[in-house]
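All heavy atoms count here, side chains included; hydrogens, waters and symmetry mates do not.
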Amino acid sequence: MPDILGMILWPFRWVIEALLVGFHTALTALGLDPLDGWTWVLAITGLVLVVRAALIPVFVRQIKSQRKMLEVAPDLKRIQDKYKGKRDQFSREAMTRETMALYGKHGTSPFSSCLPLLFQMPVFFGLFTTLNNAALGLSGIGLMNLDLAKNFGAATIFGTAPLHASMSSSEGDWIVVWTAGVMVVLMTVSQFITQKQIMSKNISAAMKESPTYKQQQILLYVLPLVFLFSGFAFPLGVMMYWLVSNFWTMGQQFVVIRNMPTPGSEAFQAWQERQTKKNLRKGIVLEADVIEEEKPAQRQQPMGKNRAKRGKGKK
């Protein structure tokens, strides 16, 4: 039976290996120790930068989709209330049709907000496979030759913490456990800050009353459980990728909220205030502040004697 997962991951692994080897070679040329684990960590960071830069269009689409989902939340609630308590097949099909029609009308989908994570999952598993094979002394499928694979598999940080190790495979190595634990805390905090700044600053007051907003509040406190699992099961190298990716997301979200805030939100009011101050510094007067000058009264033309007499005769 063919390895379907391996076939799916093959192109991702090839690109991952090419980027890792490329960054590792460049860093070595700059004078870094090719056997040092931190050189490989920087190569993983370079991998993150390339992947996340390529996903910027997807991220922008995610932001727009999240806004639209919150905008359609009141209409979605009305559809749900309309068929509340109706469990017959006809009602369920009608509810599904109306819901999909609503999504189609506004050009959104509940799955659009998951696109960046879905696109990164093959990278996670591809890096996971690359690390595991390197730890076993197996060469890669592309530019990761046997020597580089052994180097990558033996690379350590903080002295004795291998990049391929995880809490589950640490066998009581406290350096691996503590390193993974600190990374889990940083991942959780960065994710919490990212979501919190969206929900507290970039959502309008009307949107905060929607069921979708309440669901996102629940997810805000559920996501740390996902990081606890990842900290136990994933190798340090994969967690390093996830951690740097979280920091990228946090910074990217800050830039988006500052420069493209949701209308009606707290961030939008702050953006308007900044724009007003910027306009004042530049000496720009907005149209709303322009006072229309009074038009001068039209000068009355003097009338001749004949025109004056004719005017009196008409009265």
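- The backbone N or O of M187 sits less than 3.5 Å from a side-chain atom of N246, completing a donor-acceptor pair.
- With no hydrogens or angles considered, no side-chain donor-acceptor pair links T129 and R13 at under 3.5 Å.
- Not one N or O on the side chain of H24 forms a donor-acceptor pair closer than 3.5 Å with the backbone of W40.
- Surrounding CH2 of W14 are at most 12 heavy atoms belonging to other residues, nucleotides or ligands under 6.0 Å away.
- Atom OH of Y83 sits in a crowded spot, with more than 12 heavy atoms from other residues, nucleotides or ligands closer than 6.0 Å.
- Results of the side chain to side chain contact (heavy atoms under 4.5 Å, CB included) test with L20 over T25, L143, I44 single out I44 as the only residue that passes.
- Between T96 and T99, the side chains place no donor N or O within less than 3.5 Å of an acceptor N or O (distance only, hydrogens not considered).
- Counted by atom type alone, Q269 and E273 present zero donor-acceptor pairs between their side chains at under 3.5 Å.
- A donor atom on one side chain and an acceptor atom on the other are not found under 3.5 Å apart for N279 and T276.
- Exactly one of L32, L27, I157 qualifies for a side chain to side chain contact (heavy atoms under 4.5 Å, CB included) with W38. That residue is I157.
- At a threshold of 4.5 Å between side-chain heavy atoms, the hydrophobic network of Ile, Leu, Val, Met, Phe, Trp and Tyr places M240 and W178 in one connected group.
- Checked by atom type and distance alone, the side chain of S169 never pairs as donor or acceptor with a backbone atom of A165 at under 3.5 Å.
- Both Y241 and F125 sit in one connected hydrophobic cluster of ILVMFWY residues. Membership requires side-chain heavy atoms under 4.5 Å apart, directly or through other members.
- Not counting sequence neighbours, K86 has no partner by the salt bridge (Lys or Arg N to Asp or Glu O under 4.0 Å) test.
- Under the 3.5 Å distance criterion, the side-chain polar atoms of D36 are left unmatched by any main-chain donor or acceptor of T39.
- In this structure, L35 shares a hydrophobic cluster with no other residue, the cluster being traced through Ile, Leu, Val, Met, Phe, Trp and Tyr side chains under 4.5 angstrom apart.
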